[in-house]
Amino acid sequence: MDEPLHPDVAELGFLIGTWRGRGTGVYPTIEPFTYEEEITIRPASGKPFLVYEQRTRRPATGEPLHAEVGYFRAVGGPTVELVVAQPTGIAEVHTGTVRDATVHLRSVEVARTPTAKEVTSVERTLVVEDATLRYELHMGAVGQPHQLHLKAVLHRA
Ligand code: HEM
């Protein structure tokens, strides 16, 4: 069903769709891994934000891995905001920019439940070119400096 798009989120319209692909994950404290991913980004009944849903699986077994949900918020001009919640007990609050089909976001807050892993910074860059979405995620976590955790390439379904 086509939902109306708020004029402020037109800048983010290139993100809208269902995207499927694969990624790789690294961090100094873990074994490198690969994952399959589906991302859906959709308008929200004419409101100035986009609804974001993501889930991943381990390719060999289909076992669910990370998942998250959130909102991209258009606040005028090139400024964008993102809120994301994860079942691992982490909530990210970001501010950033959108330019040339590239969204760059850096956390201003990372909140954690008492049992969540220690994540202190998250940075997300998403680039859409034709029907391909590429992203990278850097984080500071578990005592390690801010660095790459994820890199993925997805295609519009
Ligand atoms: C595509 C999304 C993601 C996938 C597939 C993914 C997958 C994984 C996997 C497989 C591990 C290693 C073993 C484990 O703990 O299960 C891991 C570790 C970790 N991930 Fe992710 N992750 C994703 C996104 C994130 C995000 C968004 C954050 C932070 C906001 C995050 C934070 C961490 C942390 C803190 C660790 C633990 C490092 C340690 O304990 O040494 N991950 N991730």
Side-chain angles (χ1 to χ4, degrees), residues 9 11-44 49-75 79-99 101-157:
V9 286
E11 292 277 353
L12 291 168
F14 62 89
L15 290 173
I16 292 170
T18 296
W19 304 88
R20 292 198 188 100
R22 282 190 168 229
T24 53
V26 291
Y27 213 63
T29 53
I30 60 173
E31 288 296 315
F33 60 90
T34 60
Y35 59 94
E36 289 171 355
E37 180 167 31
E38 182 173 304
I39 293 176
T40 302
I41 300 176
R42 59 185 164 81
F49 50 81
L50 299 177
V51 182
Y52 164 70
E53 288 175 303
Q54 180 258 30
R55 56 191 175 156
T56 61
R57 292 183 180 278
R58 202 178 286 284
T61 59
E63 169 206 350
L65 286 174
H66 182 95
E68 58 189 30
V69 295
Y71 297 95
F72 286 89
R73 292 169 39 76
V75 293
T79 304
V80 288
E81 297 176 347
L82 171 72
V83 290
V84 190
Q86 291 146 15
T88 45
I90 293 167
E92 302 169 30
V93 175
H94 289 261
T95 184
T97 53
V98 53
R99 266 190 208 101
T102 299
V103 182
H104 181 238
L105 295 149
R106 179 107 194 199
S107 60
V108 288
E109 296 275 351
V110 182
R112 310 179 318 248
T113 61
T115 60
K117 293 259 170 136
E118 187 216 8
V119 177
T120 51
S121 61
V122 183
E123 184 179 2
R124 294 172 177 254
T125 307
L126 299 91
V127 181
V128 173
E129 201 178 352
D130 299 324
T132 301
L133 185 160
R134 291 185 170 78
Y135 75 80
E136 282 189 13
L137 184 149
H138 289 69
M139 68 176 177
V142 294
Q144 301 294 315
H146 190 80
Q147 63 194 281
L148 186 69
H149 182 38
L150 307 168
K151 208 169 183 168
V153 181
L154 296 91
H155 301 284
R156 202 184 279 283

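Every number for a ligand or one of its atoms is a count from 1 in the order of the listing. No experiment lies behind these values; they were computed from the predicted model shown. We're numbering straight along the sequence, starting at 1.
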By number and element, which atoms of ligand 1 are closer than 4.0 Å to a non-hydrogen atom of [X]?
{"X": "Gln86", "result": "27 (C), 30 (C)"}
{"X": "Tyr35", "result": "1 (C), 5 (C)"}
{"X": "Val122", "result": "30 (C)"}
{"X": "Tyr135", "result": "1 (C)"}
{"X": "Leu137", "result": "27 (C)"}

Which atoms form the tightest heavy-atom contact between [X] and [Y], and what is the distance?
{"X": "Ala141", "Y": "Thr120", "result": "N-OG1, 4.3 Å"}
{"X": "Lys151", "Y": "Tyr35", "result": "O-OH, 3.9 Å"}
{"X": "Ala67", "Y": "Pro87", "result": "O-CD, 2.9 Å"}

Checklist outcome for this item: Exactly one candidate in Leu148, Val122, Thr125 meets side-chain contact (heavy atoms from CB on, under 4.5 Å) with Leu137; the answer is Val122

Protein heavy-atom partner closest to [atom] - residue, atom, separation in Å:
{"atom": "atom 30 (C) of ligand 1", "result": "Glu92 OE2, 3.1 Å"}
{"atom": "atom 1 (C) of ligand 1", "result": "Gln54 NE2, 3.3 Å"}
{"atom": "atom 41 (O) of ligand 1", "result": "Thr29 OG1, 2.5 Å"}
{"atom": "atom 22 (N) of ligand 1", "result": "His149 NE2, 3.2 Å"}
{"atom": "atom 5 (C) of ligand 1", "result": "Thr56 OG1, 3.6 Å"}
{"atom": "atom 8 (C) of ligand 1", "result": "Phe33 CZ, 3.3 Å"}

Item to check | Short side-chain donor-acceptor distance under 3.5 Å, His66 and Glu68 | outcome: yes

Next on the checklist: Can you see whether Thr132 engages His155 through a side-chain donor-acceptor pair at a distance of less than 3.5 angstrom?
Outcome noted: yes

Ligand 1 versus [X], non-hydrogen atoms closer than 4.0 Å: side chain, backbone, both, neither?
{"X": "Thr88", "answer": "neither"}
{"X": "Val84", "answer": "neither"}
{"X": "Glu31", "answer": "neither"}
{"X": "Glu68", "answer": "side chain"}

Item to check | Carboxylate-amine/guanidinium proximity below 4.0 Å for Arg57 and Glu36 | outcome: no

Checklist entry - Less than 4.0 Å between a side-chain N and a carboxylate O, is that true for Glu92 and Arg124? => result yes

Next on the checklist: Using 0.5 Å steps for rounding, measure from the CD atom of Glu63 to the OG1 atom of Thr56.
Outcome noted: 9.5 Å

Checklist entry - Quick one: CH2 on Trp19 to CD on Glu38, what's the gap to the nearest 0.5 Å? => result 12.5 Å

Item to check | Whether His146 and His138 hold their rings parallel, tilted or perpendicular, with breakpoints at 30° and 60° | outcome: parallel

Checklist entry - Is the closest heavy-atom distance from Tyr27 to ligand 1 below 4.0 Å? => result no

Item to check | Whether Gln144 lies under 4.0 Å from ligand 1, heavy atom | outcome: no

Item to check | Non-hydrogen protein atom less than 4.0 angstrom from atom 13 (C) of ligand 1 | outcome: no

Item to check | Shortest reach to atom 4 (C) of ligand 1 by a heavy atom, considering only His66, Met139, Lys117, Arg124 | outcome: His66

Checklist entry - Does the pair His104 and Arg99 meet the rule for a side chain to side chain contact (heavy atoms under 4.5 Å, CB included), with working shown? => result CA-CA 9 Å; His104 181 238; Arg99 266 190 208 101; over 6 Å; no

